[in-house]
Amino acid sequence: MRIATICFLFVISTGTLNASILMKGVSEGMPYQLELVAEGLSIPWGMTLISSSELLITERSGSLKLLDLQSGRMSDISGLPAIFAKGQGGLLDIAVSPDYSASHWIYFTYSKPIDGGGATTLARAKLANLKLYHWQDLLITRPASDSAQHFGSRITFDQSGHVYFGVGDRGERENSQNLSNHAGTLLRLNLDGSIPVNNPFYTHGTALPEIWSYGHRNPQGLFYDKTRKVLWEIEHGPRGGDEINIIQPGLNYGWPIISYGKEYWGPFQVGESTEKEGMEQPFKYYIPSIAPSSLLVYQGDAFPKWRGDLFAGALVLTHLNRIQLTSNGESMKEAKEERLLEELGERIRNVIESKEGWLYISVDSGKILKLVPLIN
């Protein structure tokens with residue numbers, strides 16, 4: 001169900017980006033405003049806060065920036081490896097380790113150039129004096145491919161010392177049902193890159209032991225919900241059939257055998273049907289596709305009525321997608337859907353939450369935005 005949002009659009013010309021208010025609106029009785037924080041970036045794909053005033057931003061084209069949120073100053077970070085920046089590939093997600101204050105590890109996903117193609121790769125490094133050092137490739141997924149499609153790939157951490165990330169099917173549908181490669185899967189590693197011995201395929205003879213779940217098309221949102229102890233994932237469907245999934249270890253999420261999407265070349269069902277025994281149903285699917293590109297579970301205090309809700313960026317339908325959940329015993333259900341910020345007409349690429357409960361939002365036109373409560 002779509003909830004109407006009252007929005008007023010402003011364009012304020014000012015030399016101070018932090019003073020630019022782009023939009024005001026109301027959601028669940030809570031007034032908010034959207035502020036312009038920075039602009040001029042090249043498809044800002046991932047973001048992570050390394051302090052209350054410092055935001056690291058990946059550009060898909062292969063650059064890393066440090067934004068001072070107080071001064072608005074943007075600095076280049078050196079020390080990145082070679083990157084296969086082609087099509088949907090490039091420098092992708094970024095996230096600080098759960099023990100960042102002690103370890104100082106920053107995790108990355110990127111497409112690593114291999115034999116003229118690229119492979120989604122999980123890496124980590126440390127930052128000092130605007131330079132990365134101790135770069136470590138933790139997992140170079142296979143197969144490498146010259147395809148420029150479906151690299152994934154978001155990063156999230158659980159409460160038990162594990163890091164998760166996703167890989168798309170690389171444009172080859174059958175990859176997603178083939179456990180001898182990483183494409184079309186979600187992967188789980190220990191923080192140092194080693195393989196947890198309780199991964200579901202750790203002792204399986206032919207399956208790769210890093211695999212946590214499979215049958216995915218192109219997962220571009222992944223978030224571990226520490227309150228519910230649930231791993232949430234959102235992925236691109238074809239023409240229709242984007243999915244939100246609750247991920248369980250070792251399970252098959254169906255692509256391309258089952259899907260709620262249609263073929264790009266005609267009005268025909270992808271795969272065999274929408275359901276099949278032994279394959280999981282999505283928690284929610286979207287027809288038409290919104291083209292999701294991030295996911296979080298809101299946990300903050302700034303917007304208390306949003307607490308526990310899912311938020312996803314939408315690229316094609318250009319909005320911030322909010323899913324309110326309700327629970328009945330062990331089961332969770334969607335209570336309602338709200339589409340925020342539609343008036344902007346921006347492809348929302350990434351959404352993260354600050355310790356204040358503000359939402360930082362990146363959009364493909366190169367802007368960083370901040371959604372905060374409106375105090376009258």
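Just so it is clear, the structure is predicted and the values come from calculations on it, not from any experiment.
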task: Give a yes or no answer on whether the side chain of Y224 reaches the backbone of V163 with a donor-acceptor pair at less than 3.5 Å.
output: no

query: Roughly how far apart are S354 OG and L359 CG, rounded to 0.5 Å?
result: 8.0 Å

Heavy-atom closest pair, residues L320 and I348: N-CD1, 3.6 Å

query: Among all residues two or more places apart in sequence or in another chain, which pass the salt bridge (charged side-chain N to carboxylate O under 4.0 Å, His left out) test with R124?
result: none

task: Using only heavy-atom distances, determine whether the side chains of E235 and N218 contain a donor-acceptor pair under 3.5 Å.
output: no

- line: In terms of heavy-atom contacts, F303 and V372 come closest through CZ-C, 3.4 Å

task: Report yes or no: is the cationic atom of R154 (NZ for Lys, CZ for Arg) under 6.0 Å from the centre of the six-membered ring of W45, at an angle within 45° of the ring normal?
output: yes

task: Indicate whether the side chain of T318 and that of E346 have a donor and an acceptor atom separated by less than 3.5 Å.
output: no

- request: Compute the ring centroids of F108 and W135, then answer whether they are less than 6.0 Å apart.
  value: yes

message: Does this structure show an ion pair linking R73 with D68, if we count only N-O contacts that are shorter than 4.0 Å?
response: no

query: So, F157 versus Y107, ring centres under 6.0 angstrom or not?
result: yes

- prompt: For the rings on W255 and Y214, is their centre-to-centre separation under 6.0 Å?
  reply: no

Interatomic spacing from CG in L371 to CG in L341 - rounded to 0.5 Å: 6.0 Å

query: Should L296 and Y100 be counted in the same cluster of Ile, Leu, Val, Met, Phe, Trp and Tyr side chains packed under 4.5 Å apart?
result: no

field: T58 side-chain N/O to G46 backbone N/O, donor-acceptor pair under 3.5 Å
entry: yes

query: After noting the C-alpha distance and the side-chain angles of F311 and W306, does the key distance pass the ring pair (Phe, Tyr, Trp, His ring centres under 6.0 Å) rule?
result: CA-CA 9 Å; F311 283 84; W306 286 352; 5.0 Å; yes

task: Check whether any side-chain N or O of S289 sits under 3.5 Å from a backbone N or O of G240 as a donor-acceptor pair, and report yes or no.
output: yes

- prompt: If you take all heavy atoms of Q88 and H150, which pair is closest and at what distance?
  reply: OE1-N, 2.7 Å

query: Looking at S259 and G261, what are the two nearest heavy atoms and their distance?
result: OG-N, 2.9 Å

query: Quick one: are I106 and K126 in side-chain contact, heavy atoms under 4.5 Å?
result: no

message: Quick one: does any side-chain atom of S63 pair with a main-chain N or O of E59 as donor and acceptor, under 3.5 Å?
response: no

statement: Between the CG atom in L374 and the CD atom in E35, the distance rounded to the nearest 0.5 Å is 9.5 Å

- prompt: Sub-3.5 Å donor-acceptor pair from the side chain of D225 to the main-chain atoms of K229, do we have one?
  reply: no

- prompt: Honestly, is K262 close enough over Y264, meaning NZ or CZ under 6.0 Å from the six-membered ring centre and within 45° of the axis?
  reply: no

message: With a 4.5 Å cut-off on side-chain heavy atoms, are K65 and D76 touching?
response: yes

task: Given side chain to side chain donor-acceptor pair (under 3.5 Å), test N199 with E210 step by step and report yes or no.
output: CA-CA 7 Å; N199 271 10; E210 301 90 356; over 6 Å; no

statement: Residue pairs passing the salt bridge (charged side-chain N to carboxylate O under 4.0 Å, His left out) test with at least one member in residues 176-205, sequence neighbours excluded, are none

Cluster link L186 to W232, ILVMFWY, side chain under 4.5 Å: no

field: Closest non-hydrogen atom pair between S27 and L340, with its separation
entry: CB-CD2, 4.1 Å

message: Could you tell me if the side chain of W358 sits less than 4.5 Å from the side chain of P373, heavy atoms only?
response: yes

- request: Given salt bridge (Lys or Arg N to Asp or Glu O under 4.0 Å), test K284 with E334 step by step and report yes or no.
  value: CA-CA 8 Å; K284 176 182 173 64; E334 175 189 348; 3.1 Å; yes

- request: Report yes or no: do V316 and L344 belong to one cluster of Ile/Leu/Val/Met/Phe/Trp/Tyr joined by side chain heavy-atom distances under 4.5 Å?
  value: yes

- prompt: In Å and rounded to the nearest 0.5 Å, what is the CG to CD1 distance from L55 to I352?
  reply: 5.5 Å

task: Can you measure from CG (L56) to CG (L67) and round to the nearest 0.5 angstrom?
output: 9.5 Å

message: A183: which residues meet the side-chain contact (heavy atoms from CB on, under 4.5 Å) condition with it, sequence neighbours left out?
response: P143, R170, N175, N181

message: Can you tell me which residue among R307, K336, K305 is in a salt bridge (Lys or Arg N to Asp or Glu O under 4.0 Å) with E28?
response: K336

task: Answer yes or no: is there a donor N or O on one side and an acceptor on the other, between the side chain of T109 and the main chain of D93, under 3.5 Å?
output: yes

- prompt: Is there a chain of hydrophobic side chains (I, L, V, M, F, W, Y, each step under 4.5 Å between heavy atoms) that links V351 to V363?
  reply: yes

field: Residue pairs passing the ring-ring contact (aromatic ring centres under 6.0 Å, His included) test where at least one lies in residues 163-188, sequence neighbours excluded
entry: Y164-W212

query: Can you tell me if Y260 and Q281 form a side-chain donor-acceptor pair at under 3.5 Å?
result: yes

message: Any side-chain to backbone donor/acceptor pair from H319 onto L317? Under 3.5 Å, distance only.
response: yes

query: Are I94 and I155 connected in a single hydrophobic cluster, I mean Ile/Leu/Val/Met/Phe/Trp/Tyr linked by side-chain heavy atoms less than 4.5 Å apart?
result: no

field: Hydrophobic cluster (4.5 angstrom, side-chain heavy atoms) - remaining members for I114
entry: I140

Results of salt bridge (charged side-chain N to carboxylate O under 4.0 Å, His left out) for D169 - residues two or more places apart only: none

- prompt: Does E263 come within less than 4.0 Å of R173, counting only side-chain N to carboxylate O?
  reply: yes

- request: Kindly give the heavy-atom pair with the smallest separation between A85 and S61, and that separation in Å.
  value: CB-O, 3.5 Å

- request: Compute whether any side-chain donor of one residue and acceptor of the other, for E280 and N252, lie under 3.5 angstrom apart.
  value: no

query: What distance do L69 atom CG and L49 atom CG have between them, rounded to the nearest 0.5 Å?
result: 6.5 Å

message: Quick one: does any side-chain atom of S294 pair with a main-chain N or O of G313 as donor and acceptor, under 3.5 Å?
response: yes

Flag, side chain of S180 to backbone of N178, donor-acceptor distance under 3.5 Å: no

query: Should K367 and E39 count as an ion pair when the cut-off is N to O under 4.0 Å?
result: no

- prompt: H216 side chain to P219 main-chain N or O, any donor-acceptor pair under 3.5 Å?
  reply: no

